[in-house]
Enquirer: 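Mind having a look at this structure? Questions to follow.
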Amino acid sequence: SCEDPQRQDVEGSTIGSTHTNGIIGSKRRIMGSLGILALSCAAVVVCTTMSFNGGSWSSLLAKSSATESGRMQKLWTFDLKPLHREFKPVSFGDGDGREDGPIEWLQDHWPEIKGDREAGDEIECISPANFYCPLKMVPNDGWTHFVRCPDHTTSPAVSYDISSCVPDAGYSLPILPKDSSRPDGRLSATVCPANTYCPAGQNVPAPLPCPDNTASPRGSIAVEACKANVGHHHNGAGYGTPAQACPAGFYCPAASLEPTVCPDNTDSPTKSGDLLSCKAVAGFYGPYGTAASPCPKDSYCPAASISPTPCPPHTTSPPLSSDVTACRSVAGYYGPWGSEATICPANNYCPAAAVKVTSCPANTQNAGEGSAVVTDCTALAGYYGKAGAAAQSCPTDNYCPAASETPTPCPANTWAPSGSSEAGACHAKGGYYGPWGQAAQPCPDDNYCPSESTEPTPCPEHDLAQNGVLITACTAAAGYYGWPGTAAQVCPANSYCPANSKTPTSCPANTQSPEGSADASACTAQAGYCGSSGGAAILCPAGKYCPAGCITPSPCPDHTDSAQGSSEVTACMAVASYSHNGAGYGTVGVDCPANSYCPAKSLQPSPCPANTASPALSSVATACKSIAGYYGAWGTAATICPENTYCPAESVYPLVCADHTVAPAGSSTASSCKAAPGYYHEQGVYGTAAIACPANTYCPGANLATNPCPYNTESPSMSTAVEACEAVGGYYGAPGTSPALCPAGSYCPGGDGQDAGYDGS
């Protein structure tokens with residue numbers, strides 16, 4: 001027994017890794033791909049282990065004998081495989097043998113094994129496709145004697161050597177050394193490794209290498225599987241040809257037939273393998289692998305720039321700049337190219353790209369730092385000249401601010417000394433005034449203006465002047481008097497003082513003037529008088545009023561009157577039957593309204609006393625008379641008319657109602673007098689005398705006719721309510737209601753409605 005703890009009784013399993021020589025009395029079953037050999041009873045088993053290229057080979061030789069139809073049949077089989085390969089049985093019969101491995105051993109032991117076998121029992125071994133016969137002639141014992149080709153190989157039918165087993169496409173079958181103990185000197189086919197190819201149907205001992213600079217995947221079957229490596233291309237010759245390096249400006253991914261040109265404005269080194277190798281050329285920028293954009297102004301872009309690099313401060317560059325030295329100082333700055341520029345100092349100028357400063361011409365300057373051209377150099381203050389040229393001193397009555405090309409004349413009515421640099425050097429002439437540097441204004445009236453006046457100087461109080469230069473031009477103003485150049489005094493009341501007056505002049509008779517009057521027209525009539533201005537005034541007549549200064553008397557408002565000599569409209573007061581209705585004296589008189597009275601001079605209407613009334617335009621209290629329902633003396637408060645009387649309007653006394661009638665307090669007409677309860681108006685008219693209500697009727701009051709009692713009832717005369725109507729004899733019922741007939745067996749005397757009793761019938 002070949003002991004092997006790894007043994008598995010499954011098809012294709014390893015038989016064992018330990019060899020033992022001996023006689024085994026056991027039953028053993030061996031499974032193979034082409035047949036099954038059962039060994040029973042006594043069997044001879046020889047197990048060997050051989051080494052090949054670092055692997056273990058196991059071989060099994062077995063002999064069995066059995067009697068079948070009176071003849072001995074012998075079978076020799078062995079298996080050859082690396083322990084990590086699939087188990088395949090191999091059968092041998094008589095043959096010419098091999099010089100190596102188990103064949104040699106079999107030949108050496110053939111006489112012993114063959115025994116009494118007869119010649120002529122051999123037949124030709126015929127193998128199917130993908131198998132081969134190690135020996136052409138094999139015993140005619142009913143067993144198969146051919147061997148399966150190694151893995152990943154194929155052979156035609158009737159093959160007699162392992163060399164007939166050709167590797168599958170993508171595989172190779174190496175030839176082993178003769179001392180490898182392999183009967184045919186070959187190993188199982190292996191997959192073709194990467195970067196090689198193994199053509200189908202060719203028994204090559206080793207994979208074929210790919211052409212230069214190409215690669216192929218594992219298991220490649222043709223040279224066309226060899227494709228250019230990254231950074232190489234076939235130059236259009238097709239796959240399977242040597243590849244050449246990818247040129248600059250192109251990129252070649254793996255398997256490139258032709259190089260791919262980089263995007264616009266990008267470049268790449270030789271042997272570039274992907275799009276990201278394409279980087280912007282100098283003067284351009286952009287993400288790797290994309291078309292590059294022109295480098296913008298004021299920046300520079302070295303080769304392979306992803307984004308523009310800004311120029312140093314205060315420098316500029318043209319588009320497509322590729323180096324920092326293209327960044328040169330902007331106008332107004334200076335400095336070495338490619339470095340941060342410094343602002344041009346005052347009194348110098350620096351053109352664009354200036355490396356150093358240039359001084360301004362004589363008597364010129366520039367506005368400050370950052371000047372760019374010589375024309376920035378302009379005349380100093382007090383000088384004038386063309387920009388960029390030497391300047392000259394400013395002439396008299398002109399001024400020359402900094403940067404003046406020509407002198408500027410002083411504003412109107414002003415003057416200035418030579419060399420003046422600003423308008424403020426121009427001062428007002430005598431008789432003019434104004435801020436220095438501005439056109440001077442003529443000195444205004446009532447002021448005087450010496451030379452260089454910025455403001456006019458007022459004349460003394462109450463003096464006036466025109467275009468005055470000195471104070472003596474100031475004389476007394478109208479309404480004042482006094483000497484020139486001195487403060488004038490106000491003209492006193494009731495006099496007048498024209499301009500330049502040295503003393504006041506008195507007003508005419510019955511006229512007056514206010515203090516400070518300037519001429520005779522200021523003298524006007526006194527209050528209560530009228531007359532032309534400047535002339536004598538007369539007394540104001542009645543019914544008019546003459547305020548102070550009156551020329552013609554003014555009539556009083558409608559329905560008003562005034563006394564002689566009245567001076568104000570408030571002297572005009574309402575005449576009788578009118579009032580000012582609260583507007584005050586001097587306003588139009590308003591009609592005195594009803595229910596009031598208005599004596600002369602009434603500011604407001606006077607209301608009539610209580611419960612009285614008067615017509616409109618009433619002027620005295622007695623016009624107020626009692627209203628209906630009231631009585632009393634005229635002009636006094638009226639009293640309410642008492643009960644059972646009536647009082648028409650203007651009643652001085654109440655009037656008594658007719659007989660047997662009544663009236664409520666405040667009644668104003670006879671018709672208010674209505675029949676008292678128990679009476680009625682026989683004539684059917686209120687205000688007439690009432691008579692007693694007859695029997696069998698009732699009169700609650702104010703009756704124009706009687707009310708009859710219900711049927712079968714009766715009442716006394718002067719009854720005042722229906723309840724006075726009681727049932728007559730033979731009827732019964734509540735007073736004031738229709739009674740019922742007295743029932744049989746009862747008697748009803750009438751009256752209060754109660755049954756008199758039951759007679760028993």
Side-chain angles (χ1 to χ4, degrees), residues 396-399 408-417 420 422-537 546-552 567-568:
T396 303
D397 294 337
N398 290 269
Y399 65 96
T408 302
C410 280
N413 306 315
T414 63
W415 68 279
S420 295
E422 57 183 19
C426 299
H427 305 156
K429 298 176 180 179
Y432 293 86
Y433 78 97
W436 293 352
Q438 298 181 17
Q441 305 296 320
C443 199
D445 291 347
D446 307 332
N447 289 268
Y448 64 98
C449 301
S451 178
E452 300 185 5
S453 293
T454 57
E455 295 288 343
T457 302
C459 284
E461 189 175 16
H462 311 307
D463 282 2
L464 53 81
Q466 288 184 335
N467 300 321
V469 175
L470 302 176
I471 191 170
T472 54
C474 299
T475 59
Y480 291 84
Y481 69 97
W483 294 97
T486 63
Q489 302 181 39
V490 67
C491 197
N494 303 323
S495 62
Y496 59 96
C497 302
N500 303 320
S501 292
K502 296 178 181 178
T503 58
T505 302
S506 298
C507 283
N510 299 322
T511 64
Q512 61 184 7
S513 66
E515 188 178 55
S517 295
D519 55 44
S521 62
C523 297
T524 59
Q526 297 176 357
Y529 290 83
C530 275
S532 299
S533 297
C546 300
C550 171
I551 295 176
T552 301
S567 61
E568 298 178 353

Enquirer: Counting C-beta onward and ignoring hydrogens, is there a side-chain heavy-atom pair between Y481 and P492 closer than 4.5 Å?
Expert: yes
Enquirer: Search all heavy atoms of P458 against all heavy atoms of P456 and return the closest pair with its distance.
Expert: CD-O, 3.6 Å
Enquirer: Scan the side chains in residues 423-450 for donor-acceptor partners under 3.5 Å anywhere in the protein, sequence neighbours excluded, and list what turns up.
Expert:
from	atom 1	to	atom 2	distance (Å)
D446	OD1	A465	N	3.2
N447	ND2	D445	O	2.9

Enquirer: If you compare all heavy atoms of S533 against all heavy atoms of I551, which two are closest, and at what distance to 0.1 Å?
Expert: OG-CD1, 4.3 Å
Enquirer: Working to the nearest 0.5 angstrom, can you tell me the gap between C410 SG and Y399 OH?
Expert: 7.5 Å
Enquirer: Would you name the heavy atoms of T472 and P484 that are closest together and state the gap between them?
Expert: O-CB, 4.3 Å
Enquirer: Anything under 3.5 Å between a donor and an acceptor, one on a side chain of residues 510-528, the other on a protein residue two or more places apart or in another chain? List them.
Expert:
from	atom 1	to	atom 2	distance (Å)
N510	ND2	A537	O	3.4
T511	OG1	P508	O	2.4
S513	OG	N494	N	3.0
S513	OG	S495	N	2.8
S513	OG	S495	O	2.8
S517	OG	P514	O	2.7
D519	OD1	S521	N	3.2
D519	OD1	S521	OG	2.3

Enquirer: Can you tell me how far apart OG (S501) and OH (Y496) are? Round to the nearest 0.5 Å.
Expert: 9.5 Å
Enquirer: Heavy atoms only: give me the nearest C459-L464 pair and the separation to one decimal.
Expert: SG-C, 4.1 Å
